[in-house]
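Structure, as structure tokens:
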Amino acid sequence: MIYVCSLAAMPDHVRDLRPSHLVTLLGPMDQPATPPEVPAERHHRVEVHDITEPLDGCILPESHHVAGLIDFLGGWGSATPLLVHCFAGVSRSTAAALIALSLRAEGREAEAARHLRQHAPHAHPNRRIVALADRLLDRDGRLVAAADAMGPGDITGDFPLIRLAPLA
């Protein structure tokens, strides 16, 4: 199961869900300590800001960030819980969740995006992270098209914990 949440909710969800793997997508100054329930080698940090174009003082997601994420996700066994979080649980983390769903479902990127939208009306995957993954995974634009087809997320309400079963 893939879970997605905000930074504020992460400690409680780690205690309740006992994930085998944890992904943090935050700028360097916002990085939390690794929770005691998660072995340090199973906590992957992607130190980027939630931007899609260069911005002074911010870290733009680059290929090496996404390649590291893909490598880490490739080592996660989908039979164990994965918890992904960013600041709000809306953009960077949902991009990572879409990548995680797509890793084991090549050719089913549109289905993965529909699955994400169904379980997360607020999801608005960071387009740059998705585009970098699309290129690194040789998806020929399918992952970007799938994320674009989701449309904008509904960010007017709460952002509850997202629960995503890997595609069968």
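None of these values were measured; they are calculated from a predicted model.
- For R128, the salt bridge (charged side-chain N to carboxylate O under 4.0 Å, His left out) partners two or more places apart in sequence, or in a different chain, are E62.
- Every residue meeting the side chain to side chain contact (heavy atoms under 4.5 Å, CB included) condition with L136, not counting sequence neighbours, appears here in chain and number order: V66, A67, I70.
- When all heavy atoms of H119 and I162 are compared, the pair lying nearest together is O-CG2, 4.1 Å.
- Side-chain contact of S6 with H85: a donor-acceptor pair under 3.5 Å is absent, judged by distance alone.
- With no hydrogens or angles considered, no side-chain donor-acceptor pair links T34 and R42 at under 3.5 Å.
- In this structure, the side chains of C5 and D12 stay at 4.5 Å or more apart for every pair of heavy atoms.
- Between R139 and E109, at least one side-chain nitrogen of the basic residue sits less than 4.0 Å from a carboxylate oxygen of the acidic one, meeting the salt-bridge criterion.
- Partners of D71 by salt bridge (charged side-chain N to carboxylate O under 4.0 Å, His left out), not counting sequence neighbours: none found.
- The OG atom of S102 sits 7.5 Å away from atom CG of L167, with the distance rounded to the nearest 0.5 Å.
- Residues F72 and L22 do not share a hydrophobic cluster, defined by chaining ILVMFWY side chains whose heavy atoms lie under 4.5 Å apart.
- Between P28 and H49 there is a side-chain heavy-atom pair separated by less than 4.5 Å.
- Proximity of H13 to P19: side-chain heavy atoms (C-beta onward) are nowhere separated by under 4.5 Å.
- Of all non-hydrogen atoms in R163 and Y3, the two that sit nearest each other are CG-CE2, 3.5 Å.
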